[in-house]
Each structure stands twice: as structure tokens, then as C-alpha cells.
Amino acid sequence: MDRRSPFAIMLKSRRHERRLSQLDLAMEAGISQRHLSFLESGRSKPGRDVAARLARALRLAPELANAFMAEAGFAPIFPARAITDAAMAPVRSAAAQVLQGHMPYPAVLVDAVGDVLDANVAFDAALSLFGDPAELWDRTHEGRQQNLYRLTLHPAGTAAALVNFGDVARATLQRMAREGQAGPRLAALIEEIGRWGTIDPAWASPGWGPSPAPIFAERYRIGHQMLSIFAVTTRLGTAMGAIAGGLRVESYFPADHRTQKVMERLER
């Protein structure tokens with residue numbers, strides 16, 4: 001039984017994910033390798049400054065950095081603000097411009113758990129390839145907040161047409177598992193997905209299997225057409241640092257000429 005503190009376990013796990021040696025991370029954070037070794041073994045506890053420096057050295061996303069600090073017993077580095085907060089108006093405006101600027105291809109704004117906050121017209125148009133978008137959301141969500149992970153992996157969602165479902169599901173579950181330590185909502189969604197019976201629960205274990213390729217195409221068979229897309233993730237931040245809440249834009253691109261033509265026709 002592992003008797004180390006949750007912070008010690010998280011610290012070592014994140015270092016391994018970054019493929020850093022203890023010496024590399026210690027030098028990046030400005031502490032001694034011996035001190036880092038004691039932190040990972042649970043023999044020492046970090047001060048707030050050391051914990052914050054380790055979070056920065058590990059390049060943790062805001063929600064993960066906050067979870068990291070909480071495990072160390074300290075307040076969050078990044079204060080959480082809802083996207084609807086008045087102070088977030090410039091961020092909403094910037095996100096809307098990013099979405100619009102990606103036309104005629106789909107793009108969607110989501111938070112740390114994949115909840116859909118905004119999308120461009122092309123995203124809704126692309127969903128029409130799978131049938132009526134409203135019915136698609138109803139089948140997969142039953143009145144709950146629209147969520148990109150649920151839409152993609154639910155058996156009644158776009159997964160029904162996804163030819164390489166196994167590859168996409170494994171990569172998606174691995175991403176969710178890495179980010180799941182940020183809070184209970186994403187962990188609960190992972191549990192829900194595991195109950196659908198279409199996904200191996202082992203896929204959601206951090207570090208399971210080989211690392212996915214940096215970019216791979218999602219291949220959909222829709223009628224007699226084979227369409228291929230890939231996504232690029234843009235995390236929202238400012239010159240003062242990243243924004244809490246894990247806000248990001250998922251921008252979809254055609255992976256071949258045929259898909260490009262289909263997407264451009266949808267936008268007209």
C-alpha cells in the first residue's frame with residue numbers, strides 16, 4: 001500500500017509524464033535534487049513558494065496547478081472565474097473572434113471538463129452530417145449540459161460513425177485521465193463513460209499503453225463518404241498567464257481534400 005501523501009504521488013506522476021529526471025525538475029524549479037527526492041517520498045512537505053515553482057516547472061495547466069497546490073495544502077495559484085463573469089468579457093470576445101476566424105471549419109470553446117460554452121456556425125453545420133443536431137444532443141445528453149467528450153464517445157453520438165473509434169477513444173480517455181485530477185466533475189464523467197460498455201476501463205488509467213501520436217485523424221463513415229478530420233487545441237491565456245477553468249478552443253481541420261470540399265460546402 002502506498003503511504004505517500006497525495007501531493008507526493010501527484011508530484012512524481014507528473015514528473016514521469018513530463019519525462020523529466022529528478023535532477024532536471026529540481027534545476028528547473030530551483031531546488032536541490034535531494035529536496036525533490038524527499039518531497040516525492042513524502043519525507044518532506046513543500047512550502048507554498050516551492051510548490052508553486054514545481055507547478056510552473058511541470059508546465060501544469062491552470063486547473064491542474066490549482067489541484068497540485070491544493071494537495072500541498074495551499075490556496076490556488078489561478079483564481080477561478082466563470083466564463084459569464086463580468087471580468088471575463090474580454091476573454092469571451094477574444095474566444096468569439098477565434099471561433100469566427102476559423103470559418104469555414106468547425107471550432108468549439110470548451111472548459112476543463114469538456115462542457116461546450118460556444119461554437120461557430122460551422123461546428124453546428126458539421127453535426128448536421130450525423131443527422132439533426134438537436135436530436136443528436138438529446139440522444140447523448142438527455143437534457144444535461146452539452147459536453148464534447150460525451151458527444152464524441154457516446155454510442156448514440158458521433159462515435160457510431162467513427163471508423164477508428166478505438167484509437168480516438170484511447171487517446172481521449174488518456175487525456176481525460178491526465179486532466180481528471182483537476183476535480184471530481186471530470187472524474188465522474190470518466191466513470192460514466194466506463195459504464196457505457198464500449199470502452200475498456202484500463203484506457204482511463206494514467207500511463208496506460210503507448211503515448212498517442214501528436215496528431216492523428218478521426219475517420220468518419222457517413223453514408224458512402226469517408227471523412228477525415230484532426231483537431232488542434234488552443235488553450236486561452238493572456239500575457240499575465242493562463243486562465244483558470246481550463247478554457248480551450250478545439251479547432252477542426254480537414255485531413256484530406258475530400259473532407260475539405262465537404263466542409264466548405266456546408267458553410268455556404
Side-chain angles (χ1 to χ4, degrees), residues 48 51-53 55-56 58-70 74-128 133-134 136-138 140-152 157-158 172 175-176 178-190 229-253 263-264 266-268:
R48 176 175 173 79
R53 280 189 278 157
R56 288 193 292 270
L58 289 166
R59 307 291 194 272
L60 299 181
E63 63 276 9
L64 287 178
N66 285 346
F68 187 78
M69 295 298 291
F74 300 108
I77 300 174
F78 301 99
R81 290 183 182 273
I83 189 66
T84 54
D85 191 295
M88 296 288 280
V91 176
R92 292 195 301 273
S93 176
Q97 291 182 53
V98 172
L99 295 174
Q100 182 60 30
H102 193 59
M103 294 289 289
Y105 304 126
V108 57
L109 174 67
V110 299
D111 64 10
V113 298
D115 282 351
V116 175
L117 305 176
D118 198 3
N120 64 10
V121 174
F123 182 79
D124 293 328
L127 290 186
S128 69
L136 184 63
W137 287 115
D138 287 343
T140 55
H141 288 71
E142 299 177 342
R144 291 173 291 186
Q145 169 66 37
Q146 294 179 352
N147 182 277
L148 190 62
Y149 291 134
R150 190 179 285 114
L151 176 72
T152 304
T158 59
T172 302
R175 174 181 184 174
M176 294 175 72
R178 288 194 301 271
E179 299 177 349
Q181 295 182 37
R185 291 176 59 211
L186 190 53
L189 180 56
I190 293 173
I229 61 172
F230 67 92
V232 172
T233 300
T234 303
R235 292 189 179 275
L236 298 187
T238 69
M240 298 301 293
I243 295 171
L247 300 181
R248 64 182 187 269
V249 174
E250 299 286 350
S251 303
Y252 296 91
F253 293 83
M263 286 186 168
E264 290 175 353
L266 285 172
E267 197 268 333
R268 293 170 188 165

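- Shortest non-hydrogen contact noted between M69 and A52 is SD-N, 3.7 Å.
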Using the side chain to side chain contact (heavy atoms under 4.5 Å, CB included) rule, take V91 and L247 through it: C-alpha gap first, then chi angles, then the decisive distance, then the call.
CA-CA 10 Å; V91 176; L247 300 181; 4.2 Å; yes
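- Going from atom CZ of R248 over to atom CG of D111 covers 7.5 Å, rounded to the nearest 0.5 Å.
- Residues V108 and Y252 form a side-chain contact, since some pair of their non-hydrogen atoms from C-beta on lies under 4.5 Å apart.
- Contact of the E250 side chain with the P106 side chain is not registered, since no non-hydrogen atoms from C-beta on lie closer than 4.5 Å.
- Judged purely by atom type and a 3.5 angstrom limit, N66 uses its side chain to pair as donor or acceptor with the backbone of I77.
- Between the CZ atom of R150 and the CG atom of L189 there is a distance of 5.0 Å, given to the nearest 0.5 Å.
- Here the straight-line distance linking atom CH2 of W137 with atom CZ of R144 works out to 12.0 Å at 0.5 Å rounding.
- When all heavy atoms of S128 and L266 are compared, the pair lying nearest together is OG-CD2, 4.2 Å.
- When all heavy atoms are compared, the tightest approach of P76 to R48 is O-NH2, 3.8 Å.
- One finds the OG1 atom of T158 at 7.0 Å from the CG atom of L136 (value rounded to the nearest 0.5 Å).
- Close placement of the F253 and H102 rings is indicated, their centers lying within 6.0 Å of each other.
- Nearest heavy atoms, L60 versus A65: CB-N, 3.8 Å.
- For the pair L151/H141, a side-chain contact is recorded, criterion being any heavy-atom separation below 4.5 Å from C-beta on.
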Side-chain polar contacts of residues 114-123 - donor-acceptor pairs under 3.5 angstrom, sequence neighbours left out - could you list them?
{"from": "D115", "atom 1": "OD1", "to": "N147", "atom 2": "ND2", "distance (Å)": "2.9"}
{"from": "D115", "atom 1": "OD2", "to": "R185", "atom 2": "NH2", "distance (Å)": "2.6"}
{"from": "N120", "atom 1": "OD1", "to": "A107", "atom 2": "N", "distance (Å)": "3.2"}
{"from": "N120", "atom 1": "OD1", "to": "A122", "atom 2": "N", "distance (Å)": "3.3"}
{"from": "N120", "atom 1": "OD1", "to": "F123", "atom 2": "N", "distance (Å)": "2.9"}
{"from": "N120", "atom 1": "ND2", "to": "L99", "atom 2": "O", "distance (Å)": "3.0"}
{"from": "N120", "atom 1": "ND2", "to": "Y105", "atom 2": "O", "distance (Å)": "2.9"}

